[in-house]
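We name chains A, B, ... by the order of the sequence lines, and we start the count at 1 in each one.
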Amino acid sequence: HYPHTPTSFLPPPAKYGGRHTVTLIPGDGIGPELLNHVREVFRFSCVPVDFEVVHVNSAVETEDDINNAITAIRRNGVALKGNIETKHTMAPSVKSRNNLLRTSLDLYANVMHCQSLPGVQTRHKNIDIMIIRENTEGEYSSLEHESVSGVVESLKIITRNNSLRIADYAFKLAREKGRRRVTAVHKANIMKLGDGLFLQCCREVASGYPDITFDSMIVDNTTMQLVSKPQQFDVMVMPNLYGNVVSNVCAGLVGGPGLVPGANYGHVYAVFETATRNTGKSIANRNIANPTAMLLASCMMLDHLKLYDHASSIRNAILNTMNETRLHTADIGGQGTTSEVVQTIMRFIQSKGQLTSEY
Amino acid sequence: NRFQLEMQTVTLIPGDGIGPEISSAVMKIFETAKAPIRWEERNVTAIKGPGGRWMIPPDAKESMDKSKIGLKGPLKTPIAAGHPSMNLLLRKTFDLYANVRPCISIEGYKTPYTDVNLVTIRENTEGEYSGIEHVIVDGVVQSIKLITEDASRRIAEYAFEYARNNQRNSVTAVHKANIMRMSDGLFLRKCREVAENYKDIKFTEMYLDTVCLNMVQDPTQFDVLVMPNLYGDILSDLCAGLIGGLGVTPSGNIGANGVAIFESVHGTAPDIAGLDLANPTALLLSAVMMLRHMGLHDYGNKIQTACFDTIRDKKVLTKDLGGNSKCSEFTADICRRIQDLD
């Protein structure tokens, strides 16, 4: 009874002459420079996408900026973003801008595909895990209060609707991608009602997909299994916080935050970013950040806009640079700069004979 | 005359399943090492006390209150309705507020991660495990995570004291204060305050997700980690996974009033119980942790060295470690090495 399925989503209508407009939020840290590189590659490859840039200042307390960004995304339907820093020095009432964006736009599914890349040296090989994480509720409900001085309650909300919705998304995606098994990650032995409800919803949805195996695993055991035998996992679905943990563990296993793209899908909107959402303040503006994750995220966005040829062209160039040319940035053990990697990617695109502009 | 150390009493809770046999193994090894420990065996199966409340047997409580130190094997989780988790009951009875797990790579037991040497210190009384859940309306559940100033301060203080007493260089507070602004914010604030009194220890803060991301890429960057209950649960198991799993990971629970209970955190393994196949390493390393806690470092080091040498040698490993020897053979090998070390 949900109108949305992963493939049948209709992108927003292109604006003028077949060109799409996409909201771009630079964010903080390495966001701006990585997104500049995305624009550079798009311009070079003549991708018919125009970016509407919306800045969100993480240093102000008012929510005007983030509301503007949200409005722009409602207008365009699609966004590409860097991470917006949440400053601890500010009062607790100043909520995470990233979280506000996700909940306001009801981007209920965070999807991350973690695959071992042949050109990257890691301890574990042959990892191919799809993580589907509930993105709007759970521990990220931002409902906290201090009942008595020195005693704080933080509410974790689990609802039947959102649990069914995310489970449904996971199974549909698994079927669409030809995956065989979905594992629900939970802590229902301790949080009997909350995670119990989540697990029950997953089971209900699973019964409608007899072709896909469904099992469940407690979150602490899951992390232990991930660091010893990650190849056992196929598709994983889980509530928000466990999703945060599992995503980051998996990203680390395949080579780090610089490699994996992430997508946030709702029924109506889609926002693309790096999977582990790092601000990367310590490496900002030094030309050392890995552009792979953000560039691959932009390819996911192009797929979403049904610009498949452009997506493939850029993706192939990225993977070729990673696996064949082996030009790596420092985070994966190399000595290449961000711009060297980007330029190599663009040269590869050009070499394939596609239409490119001067760079 | 040789100066003899006074015998110290330790309450031993063998537990269920493989518990009794691994406890015997530990006792045998301690005897060989001539450790000045007198074991007082007790059973902690919950009973209903006056007033209908579940409690641990009075003789067990009495023993622990007197000895202050306990060593515990795995306990069966009761399925009977209304019967609380034994671990939870122990935790509440002795206010075991800190769960401490040193994770050190075992040289002879290869995992993809070498040189792991960190300690997770987990707040064990509140947080997400308060057990407070409600169905608000049909289909909407609310679980309450509780963070208090007192518990946060107490665990932070323990973490820094531990770091100082064990010559560790840094303490990292693990949190998600970007999302849980008030609760984790409070936890973080208390850690910062306590850090002020321990200027000799380096204090850092890191998001839970960043810790996870970095931990699986390079665990050597971590030293002592302190965190609220849920993150501690997940991270301590993640770290156990790095060094080889629950079968080789020691664990200690620190309570109020000087009580400390050390335990193996694996299950009861009912399928191999009584067959002399169990691996006593986790319980043994927890017992070593206990010796160090009691100030008996020499005995602790001796036993640990013997245990690690046996594992490194690979000649008498139990099945879970990749061999096909018996528990008794593994134990005998450790005892032999202890005698050689003397």
Side-chain angles (χ1 to χ4, degrees), chain A residues 85-86 88 91-96 98-99 122-124 139-140 142-146 149-161 187 190-197 219-221 223-228 241-242 244-253 255-257 276-278, chain B residues 77 85 111-113 127-136 138-150 152 176-188 205 207-218 230-231 233-242 244-246:
Chain A
E85 192 190 345
T86 307
H88 296 174
S93 52
V94 182
K95 306 242 173 20
S96 155
N98 306 300
N99 200 28
T122 54
R123 288 183 182 83
H124 308 273
E139 300 82 349
Y140 287 49
S142 300
L143 294 163
E144 297 185 296
H145 57 269
E146 192 163 5
S149 171
V151 176
V152 175
E153 276 181 37
S154 178
L155 305 183
K156 163 177 165 166
I157 309 291
I158 299 280
T159 63
R160 194 172 159 69
N161 283 349
K187 191 99 191 144
I190 301 287
M191 278 174 268
K192 299 183 162 74
L193 294 184
D195 286 359
L197 175 60
V219 61
D220 23 302
N221 186 24
T223 57
M224 250 194 312
Q225 297 292 324
L226 279 169
V227 297
S228 46
L241 183 71
Y242 312 147
N244 183 239
V245 170
V246 170
S247 303
N248 277 269
V249 169
C250 289
L253 293 176
T276 50
R277 303 170 175 166
N278 306 93
Chain B
T77 318
S85 143
T111 67
Y113 299 90
E128 301 80 349
Y129 293 8
S130 312
I132 314 169
E133 292 191 291
H134 313 110
V135 177
I136 307 297
D138 188 36
V140 179
V141 174
Q142 168 182 299
S143 305
I144 297 184
K145 162 176 164 166
L146 206 61
I147 297 284
T148 64
E149 203 175 308
D150 288 344
S152 303
K176 274 212 72 66
N178 51 340
I179 300 292
M180 281 169 268
R181 313 274 291 118
M182 282 182 86
S183 46
D184 282 4
L186 173 58
F187 179 83
L188 207 53
E205 308 166 2
Y207 288 135
L208 171 67
D209 33 296
T210 311
V211 173
C212 289
L213 185 61
N214 290 345
M215 184 67 78
V216 302
Q217 292 180 83
D218 178 23
L230 175 68
Y231 313 153
D233 193 6
I234 299 174
L235 267 181
S236 58
D237 275 10
L238 176 82
C239 294
L242 298 177
L246 299 182

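- Of the options Val219(A), Leu226(A), Thr223(A), a side-chain contact (heavy atoms from CB on, under 4.5 Å) to Leu238(B) is made by Thr223(A) and by none of the others.
- The contact between Ser183(B) and chain A is made by backbone and side chain atoms together, counting heavy-atom distances below 4.5 Å.
- A salt bridge links Lys187(A) with Asp233(B): the distance from a Lys NZ or Arg NE/NH1/NH2 to an Asp or Glu carboxylate oxygen falls below 4.0 Å.
- Top candidate by heavy-atom pairs under 4.5 Å with chain A, chosen from Ala240(B), Ser130(B), Ser143(B), Gly131(B), is Ser143(B).
- You'll find the side chain of Leu213(B) reaches within 4.5 Å of the side chain of Asn278(A), heavy atoms only.
- Considering CG of Leu155(A) and CD of Glu133(B), their distance stands at 12.0 Å, rounded to 0.5 Å.
- For the side-chain contact (heavy atoms from CB on, under 4.5 Å) test with Asp209(B), the passing option among Asn244(A), Val245(A), Val249(A) is Asn244(A); the others fail.
- For the atom pair Met224(A) CE and Ile234(B) CD1, the distance stands at 12.0 Å (nearest 0.5 Å).
- Both the backbone and the side chain of Tyr113(B) come within less than 4.5 Å of a heavy atom in chain A.
- Considering only heavy-atom pairs separated by less than 4.5 Å from chain B, the leading option among Lys95(A), His124(A), Glu144(A) is Glu144(A).
- Heavy atoms of Leu230(B) lying under 4.5 Å from chain A belong exclusively to its side chain.
- When the ring-ring contact (aromatic ring centres under 6.0 Å, His included) test is applied to Tyr129(B), no partner is found at least two apart in sequence or on another chain.
- The side-chain contact (heavy atoms from CB on, under 4.5 Å) check on Glu85(A) picks up Asp28(A), Ser58(A), Lys87(A), Thr279(A), Lys281(A), with sequence neighbours excluded.
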